[in-house]
Amino acid sequence: MFNILIVEDEETISHLLEFNLQSEGFKTILAEDANLALLILKDFVPNLIILDLMLPGLQGEDFLRIIKAKPEYKDIAIIILSAKSQESVITTLLAEGADDYVTKPFSIKVLIAKIKALLRRIEKKHNKIKFEGIELDFDTFTAYNDGIQMNLTTKEFELLGLFLSNPNKIFSRDELFTKIWGFDDQIQTRTVDVHISSLRKKLSSKSNLIKSKPKIGYGLIL
């Protein structure tokens, strides 16, 4: 599951993007300006950013340069979505690190097709999730916490991967049981609680990232 940060101050456009992207199965977070987007990035690193240029406060061009100057954000794809259509602006921002440039007014279907194509290319090169110093590598099934490898069991790795791929979603115990253990009738749903407890211990100071909802289940809540 890919996560997308939408940096757009026009509410009509941001909600249009949010609705259509969520309908396609993407997880979205909205920021009405670039300063808020920078704060969001401290806790949540998306796979892709849709970035308007003419924003209140910090401008989109400056936000792009800040992002591209930070090594921890180098893998984030950026699509510029702007009413600015001057060739010089487009070529400059593409040279400075933007992955694509779409001018307003735009076709939502074309934009989504561009997003999917870009994320497919990223997925081929990077099969990792990073969040608040936690990194999961799905190619090698290794997990790191602030650069230190964690000794996770296969099920703990799969649980953490599910949570990181679906922020702000609470999974019921039955959902977790089905997604991680399948339909093995030899396993009890209480097993979920045991594995969550063990995973939290291994996350150490970051154990509070995994929240519990009494009588419902667990999830990673921002």
Side-chain angles (χ1 to χ4, degrees), residues 1-131 138 164-169 220 222:
M1 181 65 64
F2 289 108
N3 303 306
I4 298 176
L5 172 61
I6 301 167
V7 188
E8 169 63 66
D9 65 321
E10 293 185 50
E11 193 171 301
T12 302
I13 294 177
S14 64
H15 287 167
L16 172 70
L17 293 169
E18 181 182 43
F19 174 79
N20 283 278
L21 289 170
Q22 288 182 356
S23 296
E24 293 290 331
F26 296 110
K27 297 292 182 180
T28 60
I29 294 182
L30 302 182
E32 63 267 23
D33 60 61
N35 295 97
L36 176 58
L38 288 174
L39 290 175
I40 291 173
L41 287 173
K42 291 181 179 179
D43 295 321
F44 175 75
V45 180
N47 303 102
L48 182 143
I49 297 174
I50 299 174
L51 176 64
D52 186 21
L53 295 180
M54 293 181 285
L55 297 165
L58 183 68
Q59 294 296 286
E61 294 95 326
D62 297 319
F63 175 83
L64 172 67
R65 294 176 187 120
I66 290 171
I67 294 303
K68 291 303 175 181
K70 293 182 177 290
E72 62 267 35
Y73 301 143
K74 66 181 178 62
D75 292 333
I76 302 176
I78 298 181
I79 294 180
I80 304 294
L81 182 64
S82 175
K84 291 185 178 181
S85 59
Q86 299 96 320
E87 184 178 283
S88 59
V89 173
I90 296 173
T91 55
T92 296
L93 294 179
L94 289 174
E96 290 182 348
D99 295 275
D100 206 339
Y101 196 111
V102 177
T103 56
K104 299 176 181 177
F106 63 96
S107 162
I108 188 67
K109 290 184 178 179
V110 171
L111 177 60
I112 289 175
K114 285 177 174 286
I115 289 170
K116 288 182 176 179
L118 180 55
L119 290 175
R120 280 196 301 270
R121 294 199 298 272
I122 293 172
E123 191 173 31
K124 289 179 181 178
K125 294 190 296 182
H126 304 287
N127 197 15
K128 298 179 181 179
I129 293 179
K130 298 179 182 179
F131 180 85
F138 290 92
L164 293 180
S165 300
N166 297 274
N168 290 323
K169 175 177 173 58
L220 187 146
L222 302 180

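Numbers for residues simply follow the sequence, beginning at 1.
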Discussion item. Does Glu11 have more than 12 heavy atoms from other residues, nucleotides or ligands lying within 6.0 Å of its CD?
Written reply: no
Using side-chain heavy atoms (C-beta onward) and a distance below 4.5 Å, is [X] in contact with [Y]?
X: Val7; Y: Asp52; value: no
X: Ile78; Y: Ile67; value: yes
X: Ile4; Y: Ile50; value: yes
X: Phe26; Y: Lys116; value: yes
X: Lys84; Y: Glu61; value: yes
X: Leu51; Y: Ile6; value: no
X: Glu10; Y: Lys104; value: yes
X: Lys169; Y: Lys27; value: yes

Between [X] and [Y], does any side-chain N to carboxylate O distance fall below 4.0 Å?
X: Lys68; Y: Glu96; value: no
X: Glu24; Y: Lys109; value: no
X: Lys42; Y: Glu72; value: no

Quick one: does [X]'s side chain have a donor or acceptor within less than 3.5 Å of a partner on [Y]'s backbone?
X: Glu32; Y: Leu30; result: no
X: Thr92; Y: Val89; result: no
X: Asn20; Y: Leu16; result: yes

What is the minimum heavy-atom distance between [X] and [Y], and which atoms define it?
X: Leu58; Y: Ala34; value: O-CB, 3.5 Å
X: Ser82; Y: Leu53; value: OG-CD1, 3.6 Å
X: Pro71; Y: Ala69; value: CD-O, 3.6 Å
X: Phe2; Y: Asn47; value: CA-OD1, 3.2 Å
X: Leu36; Y: Ala31; value: CD2-CA, 3.9 Å
X: Ala98; Y: Ile80; value: CB-CG1, 3.8 Å

Measure the spacing between [atom1] of [X] and [atom2] of [Y] and express it to the nearest 0.5 Å.
X: Ser14; Y: Phe19; atom1: OG; atom2: CZ; result: 14.0 Å
X: Ser165; Y: Phe138; atom1: OG; atom2: CZ; result: 5.0 Å
X: Leu119; Y: Asp99; atom1: CG; atom2: CG; result: 9.5 Å
X: Leu48; Y: Leu5; atom1: CG; atom2: CG; result: 9.0 Å
X: Ile13; Y: Glu18; atom1: CD1; atom2: CD; result: 14.0 Å

